[in-house]
Amino acid sequence: MSLSTVDGKPASGGHMKASCQCGQLHVDVPGPTVAVVACHCLACQKRSGSPFGVAAYYPHVQVEVNGISKQFSRPTELGERFDHFFCPDCGTTVFMRGKKNPDMTGIPIGLIDDQHAMQPVRSVWEDRRHAWVEIPTAVQHFSRGRVG
């Protein structure tokens with residue numbers, strides 16, 4: 001996944017903060033990325049409480065974690081592991097890491113405090129997509145997880 005700003009514009013101050021509902025756990029990232037994925041798998045539906053999850057992905061070294069997190073690890077449908085890091089106080093998943101892309105950290109874009117123009121460029125696990133959901137900004141569509 002390559003990183004870039006959205007429309008060539010960095011976030012104010014060049015950094016963005018994503019936080020849990022109570023604010024105890026938060027992460028700082030360098031700004032918008034084009035590596036934004038909408039996932040329709042059942043696990044993302046369960047995690048988000050919605051028909052899909054959307055996360056912005058950054059190299060681990062670009063993500064600064066502040067606060068205390070608990071970890072929940074689950075197997076993926078492709079036989080890998082996916083780790084969710086959540087606030088032990090309010091339960092919000094603030095970041096995620098998987099074995100498929102071991103150097104990347106996903107941040108649910110709904111947790112980012114500042115307004116941003118990030119939007120999904122990839123839609124995965126569309127075989128689990130709710131029929132009424134469309135991801136018009138995605139230039140890549142996969143019926144299951146992205147291969148490679």
Side-chain angles (χ1 to χ4, degrees), residues 1-7 9-130 132-135 137-138 140 142 144-146:
M1 292 185 199
S2 63
L3 298 178
S4 174
T5 57
V6 175
D7 296 329
K9 299 174 189 170
S12 59
H15 288 350
M16 298 173 78
K17 177 181 170 184
S19 58
C20 65
Q21 293 182 79
C22 72
Q24 183 280 130
L25 178 60
H26 57 95
V27 297
D28 293 302
V29 295
T33 176
V34 295
V36 180
V37 178
C39 182
H40 307 272
C41 79
L42 297 179
C44 281
Q45 291 180 33
K46 295 284 186 185
R47 177 193 55 79
S48 69
S50 71
F52 56 91
V54 180
Y57 284 87
Y58 298 86
H60 295 327
V61 297
Q62 293 184 345
V63 178
E64 180 184 327
V65 178
N66 300 285
I68 299 167
S69 66
K70 287 192 75 172
Q71 181 177 343
F72 170 70
S73 295
R74 65 168 175 82
T76 68
E77 293 189 54
L78 296 177
E80 301 287 346
R81 303 281 318 151
F82 202 75
D83 302 323
H84 302 258
F85 297 86
F86 62 94
C87 174
D89 295 333
C90 68
T92 305
T93 298
V94 175
F95 62 101
M96 303 152 313
R97 294 178 174 157
K99 300 298 181 205
K100 182 175 182 183
N101 293 300
D103 298 326
M104 301 297 280
T105 297
I107 312 295
I109 67 169
L111 302 182
I112 296 172
D113 296 343
D114 298 324
Q115 288 289 328
H116 56 81
M118 289 188 292
Q119 51 195 344
V121 296
R122 183 176 302 130
S123 180
V124 298
W125 289 97
E126 288 190 338
D127 66 347
R128 306 288 165 74
R129 181 178 58 84
H130 289 233
W132 56 269
V133 171
E134 299 278 339
I135 308 292
T137 59
Q140 295 179 313
F142 298 91
R144 302 213 125 215
R146 183 176 68 96

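Heads up: numbering here begins at 1 and tracks the sequence.
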For this session: List the steps and the verdict of side-chain contact (heavy atoms from CB on, under 4.5 Å) for I107 and M16.
Result: CA-CA 11 Å; I107 312 295; M16 298 173 78; over 6 Å; no
For this session: Verify side-chain contact (heavy atoms from CB on, under 4.5 Å) between L25 and D89, making sure each step is shown before the conclusion.
Result: CA-CA 9 Å; L25 178 60; D89 295 333; over 6 Å; no
For this session: Could you walk me through whether K70 and H84 pass side-chain contact (heavy atoms from CB on, under 4.5 Å), step by step?
Result: CA-CA 8 Å; K70 287 192 75 172; H84 302 258; over 6 Å; no
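A donor-acceptor pair under 3.5 Å is absent between the side-chain atoms of Q24 and the main chain of G67, judged by distance alone. Side chain of Y58 to backbone of G31: a donor-acceptor contact under 3.5 angstrom is found. Within the 3.5 Å criterion, the main-chain N or O of H40 finds a donor-acceptor partner in the side chain of Q45. When atom types are taken as modelled, the side chain of T92 and the backbone of C87 share no donor-acceptor pair closer than 3.5 angstrom.
With a 6.0 Å radius and a threshold of 12 heavy atoms from other residues, nucleotides or ligands, Q71 has its CD atom above the threshold.
Taking each heavy atom of V37 and V124 in turn, the nearest pair found is CG1-CG2, 3.9 Å. Of all non-hydrogen atoms in R144 and D127, the two that sit nearest each other are NE-OD2, 3.0 Å. Nearest heavy atom pair, residue S69 against residue P88, reads CA-CD, 4.1 Å. Looking at every heavy atom in both residues, P102 comes nearest to K99 through CD-O, 3.4 Å. The two residues I109 and A55 come nearest to each other via the heavy atoms CG2-C, 4.1 Å. The two atoms that bring R47 and G53 nearest to each other are NH2-CA, 3.6 Å, heavy atoms only.
Taking CD from E80 and CG from N101, the interatomic distance works out to 9.5 Å, rounded to the nearest 0.5 Å. To the nearest 0.5 angstrom, T33 atom OG1 is 8.0 Å from Q62 atom CD. We find the CD1-CD distance between I135 and Q119 to be 10.5 Å, quoted to the nearest 0.5 Å. Between the CE atom in M96 and the OH atom in Y57 there is a gap of 4.5 Å [rounded to 0.5 Å]. To the nearest 0.5 angstrom, R128 atom CZ is 11.5 Å from C44 atom SG. Rounded to the nearest 0.5 angstrom, D103 CG and H60 NE2 are separated by 5.5 Å.
Residues forming a ring-ring contact (aromatic ring centres under 6.0 Å, His included) with F86 (at least two apart in sequence, or on another chain): none. In terms of the side chain to side chain contact (heavy atoms under 4.5 Å, CB included) criterion, residue partners of S48 (sequence neighbours excluded) are, by chain and number, S50. When the side chain to side chain contact (heavy atoms under 4.5 Å, CB included) test is applied to A43, the partners found at least two apart in sequence or on another chain are C41, R74. Checked against side chain to side chain contact (heavy atoms under 4.5 Å, CB included), D28 has the following partners two or more places apart in sequence or in another chain: K17, H26, E64, N66. For P51, the side chain to side chain contact (heavy atoms under 4.5 Å, CB included) criterion is met by H130, W132, V133, not counting sequence neighbours.
Applying the ring pair (Phe, Tyr, Trp, His ring centres under 6.0 Å) test to pairs two or more places apart or on separate chains, those with a residue in residues 87-128 are F85-F95.
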